[in-house]
Amino acid sequence: MSAELAGIAAHGAELAVHGAEWTTKELFTYPNEFVYWTIQIVMYPYITGLVAGAFVLSSLYHVFGQEDLKDIAKFALVFSFALLIVAPMPLLFHLQQPQRNFEVMLTPHFTSAIAAFGMVYSFYMAIVAAEIWFVYRKYFVEQSVALKEAKGFYNKLLGKTYKILTLGANDISEGALHTDHKIVKYLAALGIPVACFLHGYAGFIFGSVKANALWTTPLMPVIFIMSAIVSGIALCMLTDIIMMEWRKFRIKHSKKEFHMTADEVKGEEVEVTKKTSKFLLGAMVAAIVLELLDLIFRGYTATKSWDILRTVIYEMDFTKIFIMQYGIGNALPFIMLLLPGLTVRRAAVASALVLFGVFMMRWNVVIGGQAFSNSFAGFMHYHMPIIPHNAETFKEGLLGAMFMGGLPFVLFWLFNKIVPSVKYTLREK
Amino acid sequence: MKFSRRDFLSTAIKGACIASLPISAFRILNPKEAEAAVKGANMRWGFVVNTEKCVGCGFCVKACKLENEVPYDVAVTRTWVERYVVLKDGRRLIDTPHGARDGFTSSEVDGRDVNPKDIAKAFFVPKLCNQCENPPCVQVCPVGATYQTSDGIALVDRSWCIGCGYCIMSCPYGARFFHPVYKVAEKCTFCIHRLRQGMKTACVDACPFGARMVGNLKDPNDPVTKIVLSERVAVLKDSYGTKPQVYYLGLDENVR
């Protein structure tokens, strides 16, 4: 008996099978089948989708010159960068050997849909980082000059940071800024297909698994892209509204006088919200049409897997798919946004519902795809760990997911200490 | 003599072209081709399962777990046996308690009492990795930690697997799982360590009824090859295009 085997024998029944902790089985499933891809794999396409959506929104201004989206576009760009940094972390969390993650760059095995992730991701990251740099280069130069003589540790550090961020390019003449502007436009234009590719790619990771009856469809990448744009716009809209409300709150409840009145802020808020909601509606139509097409096609062609899929879709997961995803997450906000006289509050609720709907869509794809056995003769149920009792139930449970969901906001807050993408700091008169 | 930069470059390029001519006469072999050229070209492991002979004793599962260091008391297993009970009213019951590690000791199927009078037919089906000719698990591994040997067996490099689970997801047969100790993808290897020493797999040796056979499909005189060529054999889930190399005798349409 080898030392390892002795170790195994000593462990005995204490050994846990990955997935057994949160999976229950019904009828006949193969012995090795468990819900292996859990909440983190729901978070992964959800966050990548938000990145792509936020970037597309920012490009509406930078490329297509939608001037009234200027403010939200600037903020969407930096926000998408914060989201982008977090995007691969759910994958990392979910790996059984996370310390080996770099191998995907060392020995990429290109027949795998995951192998090029690192490269596509890095390429996109470079585009977004470069675009942000060109957008804020003038600001970096100005700040580094202004803080040159600054006193105090924090200001000195800030000055040094800005000096490094200028990368030695201190020319802010008219001509140089014009060039910057042009480059931003090109980068934003290049970024749109790359953002769509990054997320369509996430869709391909699922769509190409021929062994999974629910995932395998060539529509998957397109469905993912459309729902990504929907979720990205909704997130930017919601965050923007929250920040505007905060601004209004401060103006009303402060004794100081600011450069804007609450009514002015409100006017701006309504205008941006209305405009953005139009793009949101358009993207929602495309996303829902594609998803329904997929569903109808499966039902109509009724191949071998349809029997079990029908049971999963119309019976087991009915509430999650038709009530939570399509009803509360799609139809309801769609009507809310479509009804005349859109108010900011209504738009805020609608975009929150849309975000929920897209999350449920990811859930229904990732978890729903593992809700049935490959034998087509049994089912599996995922019980998300709520209170963790070990590292695994933290990582692949509610807390791990919330950690991932919160991280982009923390990063965004940190970025805004350096890059003023949001003008929530009101200037005193 | 004056030798300008232009002259240098032009001479260098010409020189490189001339020098590379003989090199182009060589062919770049991929590692598999190279290996096949040297050895192994006449080996391809295949498996025959005779479901008519299987009685569901589970000795194969037990032997496999012990031979291959798969923890004994956990649910996952490299090989397992399924019991199919088709009732006279057309209903189909399937189960595999503990992967049939201890055999089928109860007449209850999947926890349900079945009256023997209601049974139209019942049989056992052993399962293991199909060592596909076109293995999706190898295709989807992002780091190349799982690979196919020249004699057709898909293996996992435990020191390189990142544990993403993509291979587990891509296997239509449910043959893969995470090893509870090593925390990497795990699967049936056809006991390659035994085969290469001229032995049979642990499950084949453990089967008292000869329901399992392993052999070289490239050897026309191998009993396995003879069965595959001359008998009416079937494979599991051929619609996935994986080209499984475990052939079944007496496969029923109810088998999943």
Side-chain angles (χ1 to χ4, degrees), chain A residues 2 4-5 7-9 11-20 27-34 36-37 41 91 94-104 106-118 205-206 208-212 215 303-304 369-370 373-378, chain B residues 66 69-78 80 82 92-96 98-101 110 127 136 138-147 159-187 237 239-242 256:
Chain A
S2 73
E4 277 162 333
L5 186 57
I8 294 171
H11 274 86
E14 291 162 40
L15 280 171
V17 180
H18 181 71
L27 300 175
F28 176 70
T29 60
Y30 297 130
N32 297 331
E33 279 183 312
F34 293 97
Y36 286 109
W37 284 4
I41 307 298
L91 288 182
H94 139 87
L95 290 185
Q96 288 287 290
Q97 303 283 349
Q99 79 284 3
R100 294 182 186 164
N101 72 84
F102 61 93
E103 287 174 7
V104 79
L106 292 183
T107 56
H109 185 239
F110 284 116
T111 60
S112 167
I114 299 182
F117 176 81
I205 289 175
F206 293 97
S208 64
V209 178
K210 62 184 171 187
N212 191 301
W215 294 346
T303 50
K304 196 175 176 182
Q370 299 167 83
S373 161
N374 256 339
S375 66
F376 298 162
Chain B
L66 294 173
E69 306 187 356
V70 177
Y72 197 70
D73 288 320
V74 297
V76 289
T77 175
R78 287 180 176 200
W80 66 99
E82 296 166 3
R92 178 189 56 215
L93 303 173
I94 319 169
D95 72 344
T96 172
H98 297 287
R101 184 197 68 191
D110 202 15
K127 295 260 183 95
V138 172
Q139 180 188 26
V140 302
C141 178
V143 297
T146 185
Y147 55 99
S159 69
W160 204 249
C161 171
I162 59 174
C164 67
Y166 206 16
C167 56
I168 301 177
M169 287 294 153
S170 75
C171 176
Y173 307 100
R176 283 176 172 251
F177 53 94
F178 280 124
H179 195 288
V181 176
Y182 304 114
K183 307 282 180 201
V184 290
E186 173 78 4
K187 70 183 286 296
K237 301 186 185 184
S239 62
Y240 288 103
T242 53
R256 294 312 167 107

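All chains are named by letter (A, B, ...) in the order of the sequence lines, taking the proteins before the strands, and each is independently numbered beginning at 1. Since we're looking at a predicted model, the values are computed, not measured.
No other option in Glu103(A), Gln97(A), Gln99(A) has as many heavy-atom pairs under 4.5 Å with chain B as Glu103(A). Chain A forms more heavy-atom pairs under 4.5 Å with one residue of Ile162(B), Val140(B), Val76(B) than with any other, namely Ile162(B). The residue among Trp37(A), Trp215(A), Phe34(A), Phe117(A) with the most heavy atom pairs within less than 4.5 Å of chain B is Trp37(A). Options Gly241(B), Ser239(B), Gly165(B), Ala185(B) differ in how many heavy-atom pairs under 4.5 Å they form with chain A, and the most are formed by Gly165(B). Chosen from Asn212(A), Asn101(A), Ile205(A), Val104(A), the residue pairing most often with chain B at heavy-atom distances under 4.5 Å is Ile205(A).
Using a 4.5 Å heavy-atom threshold, the side chains of Lys210(A) and Pro136(B) count as touching. Looking at Thr77(B) and Asn32(A), their side chains come closer than 4.5 Å, going by heavy atoms from C-beta outward. For the pair Trp160(B) and Thr107(A), the minimum side-chain heavy-atom distance is below 4.5 Å. Phe376(A) is listed as a side-chain neighbour of Arg256(B), based on a closest heavy-atom distance under 4.5 Å. Side chains of Tyr182(B) and Gln96(A) form no contact here, defined as non-hydrogen atoms less than 4.5 Å apart. No side-chain heavy atom of Phe177(B) sits less than 4.5 Å from a side-chain heavy atom of Glu33(A). Under the 4.5 Å side-chain criterion, counting only non-hydrogen atoms from C-beta, Gln370(A) is in contact with Met169(B). Contact of the Tyr173(B) side chain with the Tyr30(A) side chain is not registered, since no non-hydrogen atoms from C-beta on lie closer than 4.5 Å.
Counting only distance, with no hydrogens or angles, the side chain of Ser112(A) and the backbone of Gln139(B) share no donor-acceptor pair below 3.5 Å. Side-chain atoms of His18(A) do not come within 3.5 Å of backbone N or O of Phe178(B) as any donor-acceptor pair. Using modelled atom types, one side-chain atom of His94(A) and one backbone atom of Cys164(B) make a donor-acceptor pair closer than 3.5 Å.
Here the closest heavy-atom approach between residue Pro180(B) and residue Ala16(A) is recorded as CB-O, 3.7 Å. Residues Asp110(B) and Phe28(A) share a closest heavy-atom pair of OD2-N, 4.4 Å. Considering every non-hydrogen atom in both Ser170(B) and Ala211(A), the closest pair reads O-CB, 3.3 Å. Contact record, Thr96(B) with Pro31(A): CG2-CD, 4.1 Å, taken as the closest heavy-atom pair. The nearest pair of heavy atoms linking Pro142(B) to Ala115(A) is O-CB, 3.6 Å.
With a 4.5 Å cut-off on non-hydrogen atoms, Glu186(B) does not touch chain A at all. Contact of Leu91(A) with chain B is not made at all, since no heavy-atom distance falls under 4.5 Å. Contacts between Ala175(B) and chain A at a heavy-atom distance below 4.5 Å involve the backbone alone (N, CA, C, O). For Ile94(B), the parts lying under 4.5 angstrom from a heavy atom of chain A are both the backbone and the side chain. Neither the backbone nor the side chain of Ile41(A) comes within less than 4.5 Å of any heavy atom in chain B. With a threshold of 4.5 angstrom between heavy atoms, Ala113(A) approaches chain B through its backbone and through its side chain. In this structure, chain B has a heavy atom under 4.5 Å from the side chain of Ser208(A), while its backbone stays farther away.
For the atom pair CZ of Arg92(B) and CG of Leu27(A), the computed distance is 10.5 Å after rounding to the nearest 0.5 Å.
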